[in-house]
Structure formats: C-alpha cells, structure tokens
Amino acid sequence: MQSIYHPASIEQQAQQHWDKSGAFAATESTDKPKYYCLSMFPYPSGKLHMGHVRNYTIGDVLARYHRMKGFNVMQPMGWDAFGLPAENAAQAHNVPPAAWTYDNINYMRRQLQSLGLGVDWAREVTTCTPEYYRWEQWLFTRLFEMGVIYKKTSSVNWDPIDQTVLANEQVIDGRGWRSGALVEKREIPMYFFRITQYADELLGDLDKLTGWPEQVKTMQANWIGKSFGVRFAFPYELDGKQEQLWVYTTRADTIMGVTFVAVAAEHPLATRAAQNNPELTAFIEDCKHGGTAEADMATMEKKGMSTGIFVAHPLTGEQVPVWVGNYVLMGYGEGAVMAVPAHDERDFGFAKKYNLPIKQSIAVNNETFSDVAWQEWYASKEGVCAHSGKFDGLNYDQAIDAISTDLAALGLGEKKVQFRLRDWGISRQRYWGCPIPIIHCKTCGDVPVPDDQLPVVLPEDVVPDGAGSPLAKMPEFYETTCPKCGAAARRETDTMDTFVESSWYYARYTSPGCTTGLVDERAQHWLPVDQYIGGIEHAILHLLYARFFQKLMRDVGVFGDATQVQNLDEPFKNLITQGMVIAPTFYREAENGKKLWINPAEVDVQNDDKGRPIGATLRADGLPVVIGGTEKMSKSKNNGVDPQAIIDEFGADTARLFMMFAAPPEQSLEWSDAGVEGSFRFLKRVWKAAHDHVEKSPPAGTPPFVKGGVTGDLSAEAKTLRRQLHLTIQKVDDDIGRRKTFNTAIAANMELLNALAKFTDTTPVGRAVAQEVLESVALMLNPIVPHIGQALWAALRPGSDMLDQAYPQADQAAMVQDEIELMIQVNGKLRGSITVAKTTDKATLEQLALAHEAVQKQLAGAQPKKIIVVPGRLINIVA
RNA sequence: GCGAAAGUGGCGGAAUUGGUAGACGCACUGGAUUUAGGUUCCAGCGCCUCGCGGCGUGAGAGUUCGAGUCUCUCCUUUCGCACCA
C-alpha cells in the first residue's frame, strides 16, 4: 500500500475497474428488491456546475448505499437537451443549436464520468433526438384525440421591435432584453394540456406521497388551489339586449357589500365599452404593457377606469358600476370580479383611490366599519352578515348557503368549486424544441400526424436569428399534405414547452432502445422511481407536470395491461429537494460606479487573530477587493467555482465528500475552499491510518486482517472503541438510509477515526478491533467516496472487491454499557453530573443527586419541592 | 403581492421524541517537528468575568420542573409564481 494518498491514480483505477466489470449495468433480475434512483437530468449548458455535482453525488450515495444493502439498483442519466439557451448561444456564435448541444453533452458526459457515478450509461436518453421525442409526439396525438389537448388563445409577451415572442426571463423591467422595446401582451392561439381536468386527482394523490417533503406537498396543494365559492351573474342591458356579467367569488357572504365590478382589460365588456371611448381605449392599451408574469401583476400599482356601464346587483337590483382593473386576470376565473371594498383589502385601496362607495356587510362583535385605516377584522370569515337585509346574523357557511340558494332560484348563480391551477399552454414559437405533430388542413382542420409518419423530425442544421421561428420560414418543413384528405396542408411550426420532455423521461429510462412504444414491459419492473433527487426550484412546476404525465400515460395505457404499474398513479415514491450551492462574492467598483465581480478563486481573504475576516485581496495584484454577500453561484456575480478545478486538484472523492459534509441535502450549501481542503485532509488521514495499520501487520507478508474477526477478551480500551464503532455503524446506517443527513454520517466517521488515532492497544485482540474499525469506516464511507473505498478495501482485504461487499451490521452486544452518566439540574439549570450503574433505582438516584455538592449549595438547606428523574438522561431538582 | 422555507460561536453546521447547546469541520491562537514556505502532530477556542458566577440559539411575549425544539406577534433572508431549466 502506498504511503501517500494519490487520488488521481486511485480514481482512474477504480473507474476502469467499474467500467470493465460492468458493475452498474442494471438488469431486470428479480432475485433482489429493485431500487430505481433518479436524479433530475441536467440541461447541457456547457459544463458541469456545483449544483450538478451536489445533485448527482446525493443520488450516487443513495444508489451505492442501497446496492450495499442488497438492492438491485438502477441509476440512469440523460440530457434535457431542448431549450432557449441553445438558441441564444446559436445566435451569439453562429452555430446551430443542435451542434452546440451535442458538443456540450459530450463534454459534460466526460465530466460526470470523472465524478465516479455508478450510472448505467446504456440507458442514457437525450431529449432532442428523434428516438426520444418521437414518443412524445406519439403521446401528443393520443392525448389530442382524447381531448386532453385542445387549442385556445392565450396571452404572450410580444416584442414589437424584434417581432418575436419573449419568455418571461427575457422581459427585464417590462422591456425586451435585446431590443429594449416596451413589451406588449398579445393574444395568440396555442395548444393546451387540460391539466385542470386532473386537478382534483393531483391534489388528492398528494396524500399518497408519504416520502415527499411536507413543504413541497403544501406548495403543490396551494398551487392547485382548490376553492369553494359561488359563480354568479350581474344582469345588464346593452344595445337593447339582455346580457349577464359573470364573476366568481369565495366570499359570497359579502355580496350585499358589492359597490362595483372590476373586469380585466381583455374582457369583452371592456372592449365593447371602449368602442366610443378614446380614454378607455388608451387605458386598455396601457394595460397591455408589461409582462405576463404573475409577480409583476401582483406588485404593480393597481389602476382602473370606469367603463360607464352599469350592471344590476343580482339580489338587490341596485345599479353597480363596471370598472376595468389592470389587476384582474383574464386567465383566471371569469376575468371579472365583484368588488367589496369594506371586506377586501385590495378593493378597499382601489375604492379609496377612485372614490368609490364602501358598504359594510359583515360585522365582528358588532363593530362598525371605518374607512380611515384597514383593519384585520374587515376581511374576517369569523364575522356574521350585517346591513345585509334578510341575511343579517348568518355566519360564513350559512350565508353562502342562503345566498347561493337565492341566486340559483333566480337562475343567476350556483356554488362552484374552482381551482387556481390553469391549463398548461405548451406551444412555443421557437425552433429548438420538439415539433408539435399537427397538420393544419383547410377542410379537415387540425389533424394529428399519423403514427407511420412519426417522428416529425426537427431539421438540425439551422441557425435561428432571434426574429420569430425559423421553422415558419422553411417551406420544406411546413409544406405537407393532409393525412385525411390528401390536400395540400401546412404543418404546425410551433414546438413544445421543454417541460414536456422532462415530464416523462423517468419512464423512458426503464426501456432503453425500445422502438415499439414509449416504454416496454421493462417499465413494469422498474417503476415507480424509488428515490428522486433534484433542486428545490422544481418543487412546483416540473414535479406537478411529471405527476400529471404519469396519470396521462396511465390513462392512455402506455404501461400495458395486467400489471401493478398499469394503475400507477404517482411516479416518484420518495423525493429529496436539494438546496442551492452558494458562494461568497467579491467585487471592485469601477469609475462609472459599476461593480466588477471577481471570482472567489482569484481572491485571498485575510483574518484577524480571532479568525474574523478583515479584508480580501486579489491574488494577481495584492490590492484589496470588497467582500460582498454570499449568494447563489451565478455568472452575473462571477462567484461560480468550477467543479473541474476541484476534481483536478483534489480528486472527485474530495469534491463529493465536501458536498456531502458541508450541509444536509435540503439546505443551501456554502462553498468554501478551506472546507474542501479539510475534506481532503480527512481522506489523507483515513488513508494514513489504513496504511500504518496494514504496514505494521506482523509477520511480514501475512494478510493484515484477523481471520474470524474479534475474538477473546477485550481490554477496557478496546471495549470502548468497539462500542463506539457499533454505535457509529448504527447511526450512520440511520443517517444515510432514513434521515439522509450525510453530513452527520461523515461527522460520526470522523469521530470514530479520531478515537482510533488515540487507540493504543497493540495486542492481537486490539489489532483485530482496529482492523474492524478501519474496514467499517471504508464500508460506511464507500457510498460517499467510492474510489478511495475501493482502494482501501483492496489494501485491508487483499484479493477481495469492494463491489461485492455488504453494508456493515451493528453488533448490539458490543453496544451495552454498565455505567451511565446522568446530568444533575437544579430548576432546569445544569449543576453537575453523576456516573452510576445503569440499574440504579429512582430512589437511589434522587438521594445521590440531593447529596451532590453543587445541589447542596444551590438548595442552601431548603427542601426541594419536587424531583424529576428522566431515565438515562437527567435528574432535575425543583427548589 | 401570494405561497413555501430558513435564522444557533469568527464561519459551515450538530443537538433525531421537550431533557448536557455548540458534535464534526473550517478559521484563529500557542507549542512540537521540519524549516524556504507548506505538510504533519499536540493543546486551546461561545460571550462577559481575576474568580465565584452570570449571559447565550433573529426580536418580543407565552406554555413547562425544563424550550434551539411547542404556541402567538414581529423582523430579516432565500426559493417559487405558470415562456429559464
């Protein structure tokens, strides 16, 4: 065994060994329980970032741990390869998105492999290949025929200068990011997934996800947003015709306080009212400015204008004015809301601003509404109806019942369940995406592309110019014939939202190479995913869409018949949402006041003699730089640390160890160069401990391990070490397997190694205990640092392969102890401790505690009021 | 604005079921070895105090024999908000 830890050669050897032995090729064997471990696949942006390293290390630790626990493990990897950045890169470098993407994939695959992941690369999927998206198009046509996909118009961000649709990300402060033009909302036809049809199931099935973090389930439930309310109409007469203006509310109990109705700028009534009203036309035009993002809508200044139209209150017949409000969303509910300024804070502000009347219709404790300042109770559901005629005195539920009954009798409304969730628009006017498999025929309408014409292949040698979709300018792509009538027809040139590809890739991994369907019978072996790992930023959209797709695929029947998977409702049994990787920022201010961000790798930080940072300098010139905040690694703050540099300098094991040690998976992880060195130091110490042990093996040439394990009488020291060893095995098993707190698992191994370093028993039995400790440390750390694990095992057990080893088992007999230490408290404050036999009875414990010197001092002769004995922990004396 | 989290030494974090606050690591200090620097090893290290002791988990209240942990109010930070992935 080499005396120095050389990660480069150890890691290369280990990876070659794994490759050659095909250790991570997953087969559908049934002699072991299966474990499908899935990490969210990367977007091939160019090179690996720390978030990837963290994500895939967590996955690999769990995969390798379960392998050692006797599971048949499948861990795949692939590429979420369609997307906007490829189009931006294409424009910047004049290279087709396809070429850019494939280059990135090839580079990043090598990077991933250098991390030593136990991945079955034979299952790799790349979403931009026709082999993959063919089945997405196939599924699309089935869903289209089922009516789950439909067409309607929807609002997009339109850049009037570049003449193109912008993503929300491309709208900065209401302007296009390249042109700087004020962005407008524009209505265009799009295809939608009818996800609202599955809203109830998506909500209800959250209860089945016992292995998901509560916070994620809560966020999804709130996103779906099931509400119980009333949909009702305000009748009115316009141009001699009887019309109805429909609204939806969850506060029908306040209906008697309605003083106006607000409609969205896109509402037909607004359009109608603006016909002879230039001022209103201008206002509606003004409402079109700004992006479509909900956060923007919610934080912008609430503005409105009267339409001059009045509608009748459905219960009182009173005339109520209709206003256009820029805060009313056309896409949610009816695109119109009843306004009750007395009992809704937003309506209150609006009414005060525009001098609209405010009418109290709810009272809590008979209090009277005052319009001076907003009070919490105004919006309370705890109150009862007041100033509301026949409804006075009714509570929330009673009022809703009574009011909805009256509305129903008039034919003007009913109770209605509503969801906040909106249907999922998937049409994108972009090039680098999966073509939507629809042909537009003048006679037959929208016709799905038949199976024998799939896939609709996306041409790959195209460089987009940023002005509209290139496909719409390529007759060779869009000119086609109708599959139904054979007449000349036009192929759809929009592509799909890239969220679609990532909504079903987990299923495709089960059936690599399958050409007969989206998946084959192998899906039945592997699904559902046992453990899914990915960033918390995907807590809502991606995870909701993937859950939705599982239900769609189930209903289309892609999993075949007569299997348990046929009725599988949920794709991911257990979920870990990992936190972000953050790093310190450094900058210098340029003369124009702009901040020049400096990468942490180029900076030295100085500390005072207490360890507090007092300044930082740029290594290149030795001059000071400003220390900024600690923020998410990003290009804009130039605080990204390249994982490759860490792997090159310290090895993949150090990178993996640091990532797992610095924080538990769900928390954000702060990058620290010094911390990386600490992790490297630990691996060096493990290596040295094993080396010293093996090389001291007497006599020369005999195997270092002791056949038959630990036998015979142990010294007190050996007994203590062995006890700690087995407590550690138990703890680490629980930490990795149940709690998934890899940081504490590593800390426990560090403590164990520290104890071994102090161990002095050199007798054969003592040596056997030391061997047991070292072997166990190698096994326990192996999922986290598998390269060094492989090498350590080879040194400790010559001729044996780490790949074949099971996880160590804790020996309960080694954990028993006769004496325990109990803490002594007086009034809950720690005053001392006593060491007693484990079997000591309560009365004796109380006596011993009272006799304790510190207790005597605290009591000062007084009698204790009460003594609380917590077995095995403490004795608290209440004075 | 709405939804979800988080806040503990100089720093990252630990404390798993209401029961020893600060495990483990980093930084820092002192010492040994080596000495060109580094590496390695030993010891110390929450704050105040000479000491006894007191204080201490974002702030403020509450429940309890006992609260980092439970309840309420507030503050700050982070993530998501439907066309970034």
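In what follows, chains are A, B, ... by sequence order, proteins preceding strands, each numbered from 1. In this text, all values refer to a predicted model and were calculated from it rather than measured experimentally.
Within a 6.0 Å sphere centred on CZ of A:Arg873, other residues, nucleotides and ligands contribute 12 heavy atoms or fewer. More than 12 heavy atoms of other residues, nucleotides or ligands lie within 6.0 Å of CD in A:Gln606, so this atom counts as buried by the packing criterion. Within 6.0 Å of the CG atom in A:Asn607, the count of heavy atoms belonging to other residues, nucleotides or ligands exceeds 12.
Partner assigned to B:U40 is B:A32, using Watson-Crick or G-U wobble distances below 3.5 angstrom. Base pairing of B:A61 is made with B:U71, judged by Watson-Crick or G-U wobble geometry with both donor-acceptor distances under 3.5 Å. If you check B:C47 for Watson-Crick or wobble pairing at under 3.5 angstrom, you find it paired to B:G54. If you check B:U76 for Watson-Crick or wobble pairing at under 3.5 angstrom, you find it paired to B:A6. Summarising the base pairing, B:A14 is matched to no nucleotide, lacking a Watson-Crick or G-U wobble pair whose two defining distances lie under 3.5 Å.
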Pair A:Lys353-A:Glu301, salt bridge (charged side-chain N to carboxylate O under 4.0 Å, His left out): steps then yes or no: CA-CA 11 Å; A:Lys353 183 169 178 177; A:Glu301 194 194 349; 2.7 Å; yes

Intermediate values then yes/no, side chain to side chain donor-acceptor pair (under 3.5 Å), A:Asp497 and A:Trp424: CA-CA 10 Å; A:Asp497 181 359; A:Trp424 175 16; 3.0 Å; yes

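If you take atom P in B:U35 and the same atom in B:C24, they sit 33 Å apart, rounded to whole Å. Taking atom P on both B:G56 and B:G9, the two are 14 Å apart, rounded to the nearest angstrom. For the P atom pair drawn from B:G19 and B:U69, the interatomic distance equals 11 Å after rounding to whole Å. B:G46 and B:G68 have their C1' atoms separated by 15 Å, with the value rounded to a whole Å. Spacing between B:G62 and B:U49 at atom C1', rounded to whole Å, works out to 32 Å. Here, B:G13 and B:G58 have their P atoms 14 Å apart, quoted to the whole Å. Nucleotides B:G22 and B:U39 are separated by 29 Å at their C1' atoms, to the nearest Å. For the C1' atom pair drawn from B:G12 and B:U73, the interatomic distance equals 31 Å after rounding to whole Å.
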Would you tabulate the pairs of protein nitrogen or oxygen atoms and nucleotide nitrogen or oxygen atoms of nucleotides 60-66 of chain B closer than 3.5 angstrom?
{"unit_1": "B:C65", "atom_1": "O2", "unit_2": "A:Asn876", "atom_2": "ND2", "d": "2.4"}

Tabulated below should be each protein N or O lying under 3.5 Å from an N or O of nucleotides 26-28 of chain B; please produce it.
{"unit_1": "B:C26", "atom_1": "OP1", "unit_2": "A:Arg681", "atom_2": "NH1", "d": "2.6"}
{"unit_1": "B:A27", "atom_1": "O2'", "unit_2": "A:Asn607", "atom_2": "ND2", "d": "3.1"}
{"unit_1": "B:C28", "atom_1": "O2'", "unit_2": "A:Asp609", "atom_2": "O", "d": "2.1"}

Atom pairs under 3.5 Å, N or O on each side, protein against nucleotides 13-17 of chain B: can you list them with distances?
{"unit_1": "B:G13", "atom_1": "OP1", "unit_2": "A:Ser668", "atom_2": "O", "d": "3.4"}
{"unit_1": "B:G13", "atom_1": "O3'", "unit_2": "A:Asn743", "atom_2": "ND2", "d": "3.4"}
{"unit_1": "B:A14", "atom_1": "OP1", "unit_2": "A:Asn743", "atom_2": "ND2", "d": "3.1"}
{"unit_1": "B:A15", "atom_1": "OP1", "unit_2": "A:Arg739", "atom_2": "NH1", "d": "3.4"}
{"unit_1": "B:A15", "atom_1": "OP1", "unit_2": "A:Arg739", "atom_2": "NH2", "d": "2.5"}
{"unit_1": "B:U16", "atom_1": "O2", "unit_2": "A:Arg738", "atom_2": "NH2", "d": "2.7"}
{"unit_1": "B:U16", "atom_1": "N3", "unit_2": "A:Arg739", "atom_2": "NH1", "d": "3.1"}
{"unit_1": "B:U16", "atom_1": "O4", "unit_2": "A:Lys731", "atom_2": "NZ", "d": "2.4"}
{"unit_1": "B:U16", "atom_1": "O4", "unit_2": "A:Arg739", "atom_2": "NH1", "d": "3.4"}

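Protein atom CG of A:Asp692 is 13 Å distant from nucleotide atom C1' of B:C41, rounded to whole Å. Spacing between atom CZ of A:Arg54 and atom P of B:G12 amounts to 14 Å, rounded to whole angstrom units. One interatomic measurement links the two molecules: CD of A:Gln578 to C1' of B:U78, which rounds to 15 Å at whole-angstrom precision. Protein atom CD1 of A:Ile224 is 14 Å distant from nucleotide atom P of B:A4, rounded to whole Å. Counting to the nearest Å, the C1' atom of B:G1 and the CG atom of A:Asp296 are 11 Å from each other. Protein atom CZ of A:Arg831 is 16 Å distant from nucleotide atom C1' of B:G19, rounded to whole Å. Rounded to whole angstrom, the span from the CZ atom of A:Arg873 across to the C1' atom of B:G19 amounts to 6 Å. A:Phe680 has its CZ atom 17 Å from the P atom of B:G25, to the nearest Å.
Evaluation of the ring pair (Phe, Tyr, Trp, His ring centres under 6.0 Å) rule for A:Tyr132 yields A:Trp504 as partners, not counting sequence neighbours.
B:G58: glycosidic angle beyond 90° from 0, hence anti.
Looking at A:Asn639, its side chain does come within 3.5 Å of a backbone N or O of A:Glu631 through a donor-acceptor pair. A distance-only check finds a donor-acceptor pair linking the side chain of A:Thr495 to the backbone of A:Arg430 [under 3.5 Å]. No donor-acceptor distance shorter than 3.5 angstrom exists from the side chain of A:Lys226 to the backbone of A:Asn222, with no hydrogens or angles considered.
Across A:Thr577, A:Leu209, A:Leu206, a single residue satisfies side chain to side chain contact (heavy atoms under 4.5 Å, CB included) together with A:Val216, and that is A:Thr577. Each of A:Tyr505, A:Trp79, A:Tyr56, A:Tyr506 was scored for a ring-ring contact (aromatic ring centres under 6.0 Å, His included) with A:Phe41, with one residue passing: A:Tyr505. Among A:Trp671, A:Phe682, A:Phe680, A:Phe742, the single residue meeting the ring-ring contact (aromatic ring centres under 6.0 Å, His included) criterion with A:Phe658 is A:Trp671.
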Name the atoms and distances for all side-chain donor-acceptor pairs under 3.5 Å in residues 540-549 of chain A, with sequence neighbours left out.
{"unit_1": "A:His542", "atom_1": "NE2", "unit_2": "A:Tyr532", "atom_2": "OH", "d": "2.7"}
{"unit_1": "A:Arg547", "atom_1": "NE", "unit_2": "A:Glu570", "atom_2": "OE1", "d": "2.9"}
{"unit_1": "A:Arg547", "atom_1": "NE", "unit_2": "A:Glu570", "atom_2": "OE2", "d": "3.2"}
{"unit_1": "A:Arg547", "atom_1": "NH1", "unit_2": "A:Leu202", "atom_2": "O", "d": "3.2"}
{"unit_1": "A:Arg547", "atom_1": "NH1", "unit_2": "A:Gln220", "atom_2": "OE1", "d": "2.8"}
{"unit_1": "A:Arg547", "atom_1": "NH2", "unit_2": "A:Leu202", "atom_2": "O", "d": "2.6"}
{"unit_1": "A:Arg547", "atom_1": "NH2", "unit_2": "A:Glu570", "atom_2": "OE2", "d": "2.9"}

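Across all strands, A:Lys688 comes closer than 4.0 Å to no nucleic acid atom at all (heavy-atom distances).
Nearest-nucleotide positions on RNA chain B for A:Gln858 and A:Arg685 put A:Arg685 closer to the 5' end.
One distance of note links OG of A:Ser155 with CG of A:Leu329; it measures 10.0 Å at 0.5 Å rounding.
Minimum heavy-atom separation, A:Val878 to A:Asn827: CA-OD1, 3.5 Å.
Annotation: cation-pi pair A:Lys152/A:Phe192 present, NZ/CZ under 6.0 Å from the ring centroid and within 45° of its normal.
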Summary of protein contacts for nucleotides 79-85 of chain B, nucleotide by nucleotide, where a base hit scores B, a sugar-phosphate-only hit scores S (4.0 Å, heavy atoms): SSBBBSB

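Using a 4.0 Å cut-off, some side-chain N or O of A:Lys857 falls inside it from OP1 or OP2 of B:G53.
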